[in-house]
Protein chains: 2
Amino acid sequence: MQSKTPIDWSLYVVTDAGLSRGRSHLAVIEAAIAGGATVVQYREKAASTRQMIAEAQVLRELTRRAGVPLIVNDRLDVALAIDADGVHVGQDDMPAAVARRLIGPDKLLGVSAANLAEAMQAVQNGADYLGVGPVFATPTKPDAAPPIGMEGLREICRHVPLPVVAIGGINATNAAAAIAAGAQGIAVVSAVVAAEDVVAAARQLRALVAAARQRA
Amino acid sequence: MQSKTPIDWSLYVVTDAGLSRGRSHLAVIEAAIAGGATVVQYREKAASTRQMIAEAQVLRELTRRAGVPLIVNDRLDVALAIDADGVHVGQDDMPAAVARRLIGPDKLLGVSAANLAEAMQAVQNGADYLGVGPVFATPTKPDAAPPIGMEGLREICRHVPLPVVAIGGINATNAAAAIAAGAQGIAVVSAVVAAEDVVAAARQLRALVAAARQRA
Ligand code: NI
């Protein structure tokens, strides 16, 4: 995957070992890509560094074959070890400007923003895209900032000159609204990785995003 | 701190927030250096990446002023972010060969070894020094490998062409024996950071190592 070629942000799927019904990351992400996932993020907070690298390496090989960018959440060391296409940092992670300096200009840098000030700061710090939210409250991240709603999402998209991926409680009932609010794509965790039929869940979301983009 | 200049491995002090009696890393490490610590390792497993970088940055400024090398345990991302002098990896951390590739030839690479096979592999993988142990059982790392004793330490030191730092239950009662077994220095956690008088504890250990080296 060549970085900084135009990325299709439509359906950005984030791993979660705890929500995957005992299925491996490989099985879940293979199905998600078969259903139309356009970006994959490896997110893991509890495993050892050795285990993270082993898991992410499996996804690296899969996503490279599929031509889908792979981004690592928080752990720039893991991202570098497996030659990920980028790293995504939140407000508790490495400062974005430091991450940009360490990954260089060619890797993707994503930054989480929960309000307009964080979004503007992320632009200054060299982000390539923003994960904006939580749009809605979500049990996946109980420590997250207060939800910003579709209006908050719309306000940030209006002001930010970067692709925005909407995150936090996004599913088939609100994916189209997120795109209508200005997001380039949707980031989902449980809506895909916890689905009984991962392929079908991804396919439905991808189709909803595609239809909404045509209307936008 | 210029890396790869000869390092004095005599007294290698590892941070532990939980054992520091509520004192800051800055206070503890400042005292340890005043007492004669020759190397400092920042070790933290629970904090956010943002917090680790902030804490390690404080130690970076302190150790740079003192001319003492600062090594970061496990987290190569944190090591790079603060421009540490090196990184130390255990068997659950990033593979040593990957760490060497990512930090380049000039930064220090330390590797933990619990037996001769791991020690030899670490030499192959480009380690600059080894942390060998646990020599004795220790409550600091309940998940550690079985203790190797002074004889195990001696055997590894005899065969390894790199500086060895003895770790695991090392304190004033056995520091001299570790040096006599062939270690270049001792790595300590609680023997220094949990001491009521950190300066005095470090000073005593440093003196014991110096005396044992003169006899060795
Ligand atoms: Ni032998």
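Each chain gets a letter, A, B and so on, in the order the sequences are listed, and its residues count up from 1.
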*Asks:* With distance as the sole test, does B/Arg50 use its side chain to make a donor-acceptor pair with the main-chain N or O of A/Asp93 at under 3.5 Å?
*Replies:* yes

*Asks:* How many angstroms lie between CG in B/Leu102 and CG in A/Leu102, if you round to the nearest 0.5 Å?
*Replies:* 11.0 Å

*Asks:* Using side-chain heavy atoms (C-beta onward) and a distance below 4.5 Å, is A/Ile53 in contact with B/Pro95?
*Replies:* yes

*Asks:* Any idea which heavy atoms bring A/Thr49 and B/Asp74 closest together, and the distance?
*Replies:* OG1-OD1, 2.8 Å

*Asks:* Among A/Gln51, A/Gln91, A/Met52, A/Arg101, single out the residue with the greatest number of heavy-atom pairs under 4.5 Å to chain B.
*Replies:* A/Gln91

*Asks:* Measuring from B/Lys45:NZ to A/Ser48:OG, what's the distance to the nearest 0.5 Å?
*Replies:* 8.5 Å

*Asks:* A side-chain contact here means heavy atoms from C-beta on lying under 4.5 Å apart; do B/Leu80 and A/Leu80 qualify?
*Replies:* yes

*Asks:* Say you draw a straight line from CG of A/Asp77 to CZ of B/Arg75; how long is it, rounded to the nearest 0.5 Å?
*Replies:* 5.5 Å

